[in-house]
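Predicted model, so just to flag it, every value in this text is computed and none were measured. Numbering of ligands and ligand atoms starts at 1, following listing order.
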Amino acid sequence: MSLARRAYVLGGHITPFIGKKHPDFIWKRHPDFGTRDNPTLEDYIQRAVDGALAATNTPAADVQKAWIGNFVGELFSRQGHLGAAVVGTHPDLLHKPVMRVEGACASGGLAFASALESIQAGTDVALVVGVEVQTTESARTGGDYLARASHYARQRELDDFTFPALFARRVKAYQETFEVTDEDIARVSVKAYANANRNPLAHMQAVQMDLATASTAGDRNPAFLSNEALAPYMKVSDCSQVSDGGAALVLVSEEGLRRLGRPRSDAIEVVALSHTTGNLWEDSEPTRLDTTAVAALRVMQDAGITVGEVDVAEVHDCFTVTELLMMEAMGFSKPGAAAAMVAEGRTEISGDLPINTGGGLVGFGHPVGATGVKQIVEIWRQMKGRCGDYQLAKIPSTGLTINMGGDDKTVVASVLRNH
Ligand code: CAA
């Protein structure tokens, strides 16, 4: 989508992403167990909205419309109807139009896309929220809930952990087609954890990951699938986290900037956005992310940029192999060659194409409905020098985000520019 009305992200807020292995996550061996509970879905919505309005100095009364991305609140928290939950965060939001948007793990990206379309139609100040709570059930039960993003009737039986199995299928095909070793793929995980270790909001901030551990299945890093054909292709270190968290941002038109009394230099511009959708009922070619490739191509064409102009990218690394496939879908490398770029350090914070600087879905965490919103806020933070220990040495001018739902089925990509 090329934009008829200019649109700006004024900033936003990301809550800490937490879950198992995070120091603040309450579980039976935590010293606070029994005296303190983990935040609820309602808490995350409240914290994300409060944080975004405060960070952008936006009075709730000035918000004209809002969207919330969430995948399965009904299952993990027995709560749906989350548009009205956003209204519950502030009295001045009462009776404003707010809507929940669902597109599996791309729910946050779709909420952002919806707000952007509304800006095109005349809205000047929009609020975009993303949230998910997933730790109310075991990872195994959660695997069943997340499997609703696949073709459930056909793919659910692949494994209790349907999505890890779907992407193990991709790893198998990728390794059979190209000369890519376990160590090549493990480097994506090592980078994700190293970045997360520098990020105080990250789920895996306190967990170290070295190449030997990430490359080898064993007690420290189990190959946990029960599907015997796929088990060798997926280890815990390859997976995004089962996280709780929220993120929110304020999106405005030029008139919105004026109304809020804010200079353009506080914001980043949304130069283009693309939204593509694949066929849920069919498997796609396992060594490629075709729906993602179309989204990436379209968004760069609409933005009038080439891949070489991207200074920083936030991509949907739901599994380590997905980050490699995303790099290839975006045209950063030829098919089968992304791992070599990772091995050369080019995607690290110090590299020429930094990807997922805060740790991505593997290190920062993946509260699925929040992820697409978090990606945009992360680009804003990098462009405004707010990333602390993981701040890029050179402030980026052009950023790219790709948020994916299901197995390459719903994709939202955006190009963002700093002024
Ligand atoms: N040896 C063998 N198996 C072991 C093991 C060991 N040493 N340790 C654990 N396991 C197995 C066990 O079977 C265990 O299950 P049970 O306890 O029920 O028997 C299972 O692994 C999980 O163990 P835990 O619950 O202790 O592990 P965890 O909580 O750390 O979870 C994980 C690890 C299963 C990998 C989990 O992080 C996970 O499921 N990650 C992926 C989340 C996911 O799929 N998100 C969606 C991504 S897809 C996307 O983004 C698109 C979309 O639209 C959905």
Go through ligand 1 atom by atom and flag the ones less than 4.0 Å from a non-hydrogen atom of Ala104. 53 (O)

Atom 23 (O) of ligand 1 touched by protein heavy atom at under 4.0 Å: no

As an exercise, identify every atom of ligand 1 less than 4.0 angstrom from a heavy atom of Ala139. 25 (O), 29 (O), 31 (O)

Between Asp311 and Arg417, is there a side-chain N and carboxylate O pair less than 4.0 Å apart? no

Could you tell me which atoms of ligand 1, counted from 1 in the order shown, lie closer than 4.0 angstrom to a heavy atom of Ala149? 53 (O), 54 (C)

Just how far is it from atom CD1 of Ile185 to atom CG of Asp238, taken to the nearest 0.5 Å? 7.0 Å

Could you find the nearest protein heavy atom to atom 14 (C) of ligand 1 and give me its residue, atom name and distance? Arg140 NH2, 3.8 Å

Per-atom contacts of ligand 1 with Pro164, taking only distances under 4.0 Å to non-hydrogen atoms: 44 (O)

Is the gap between the ring centers of His366 and His203 under 6.0 Å? no

Hey, which atoms in ligand 1 end up nearer than 4.0 Å to a heavy atom of Gly405? 53 (O)

Taking atom types as modelled, find out whether Asp182 and Ser215 have a side-chain donor-acceptor pair closer than 3.5 angstrom. no

Minimum side-chain heavy-atom gap Pro222-Val236 below 4.5 Å: yes

Hey, looking at atom 39 (O) of ligand 1, which of Phe163, Phe167, Phe161 has the closest heavy atom? Phe161

Decide if atom CD of Glu269 counts as having more than 12 heavy atoms of other residues, nucleotides or ligands within a radius under 6.0 Å. yes

Determine whether the side chains of Glu328 and Tyr174 contain a donor N or O and an acceptor N or O closer than 3.5 Å. yes

Hey, is Gly406 one of the residues with a heavy atom under 4.0 angstrom from ligand 1? yes

Is any NZ, NE, NH1 or NH2 atom of the basic residue among Glu176 and Lys172 found under 4.0 Å from an Asp or Glu carboxylate oxygen of the other? yes

Are side-chain N/O atoms of Asn356 and Glu323 paired as donor and acceptor at under 3.5 Å? yes

for atom 36 (C) of ligand 1, nearest protein heavy atom and its distance come out as Val242 CG2, 3.8 Å

Indicate, as side chain, backbone, both or neither, the part of Cys105 found under 4.0 angstrom from ligand 1 when only non-hydrogen atoms are considered. both

Heavy-atom proximity to atom 4 (C) of ligand 1, best of Pro222, Ala231, Ser226: Pro222

Residue pair Asp32 / Thr35, side-chain donor-acceptor N/O under 3.5 Å: no

Determine whether the side chains of Ser397 and Asn418 contain a donor N or O and an acceptor N or O closer than 3.5 Å. no

For Ser240, is the nearest heavy atom under 4.0 Å from an atom of ligand 1? yes

Below 3.5 Å, N or O to N or O, backbone or side chain included: is there any such pair between Lys20 and ligand 1? yes

Would you say Phe319 contacts ligand 1, with heavy atoms under 4.0 Å as the rule? yes

If you scan protein heavy atoms around atom 45 (N) of ligand 1, the nearest is Leu146 CD1, 3.5 Å

Can you tell me if Ser114 and Glu117 form a side-chain donor-acceptor pair at under 3.5 Å? no

Among protein heavy atoms, which lies nearest atom 21 (O) of ligand 1, and at what distance? Phe224 CB, 3.3 Å

Please could you name the atoms of ligand 1 that Cys318 approaches to less than 4.0 Å, counting only its heavy atoms? 47 (C), 48 (S), 49 (C), 50 (O)

Minimal non-hydrogen separation, Ala168 against Leu230, with atom names: CB-O, 3.7 Å

Less than 4.0 Å between atom 17 (O) of ligand 1 and some protein heavy atom, yes or no? no

Would you mind running through ligand 1 and noting each atom that sits below 4.0 Å from a heavy atom of His316? 49 (C), 50 (O)

Considering only protein heavy atoms, determine whether one is less than 4.0 Å from atom 32 (C) of ligand 1. no

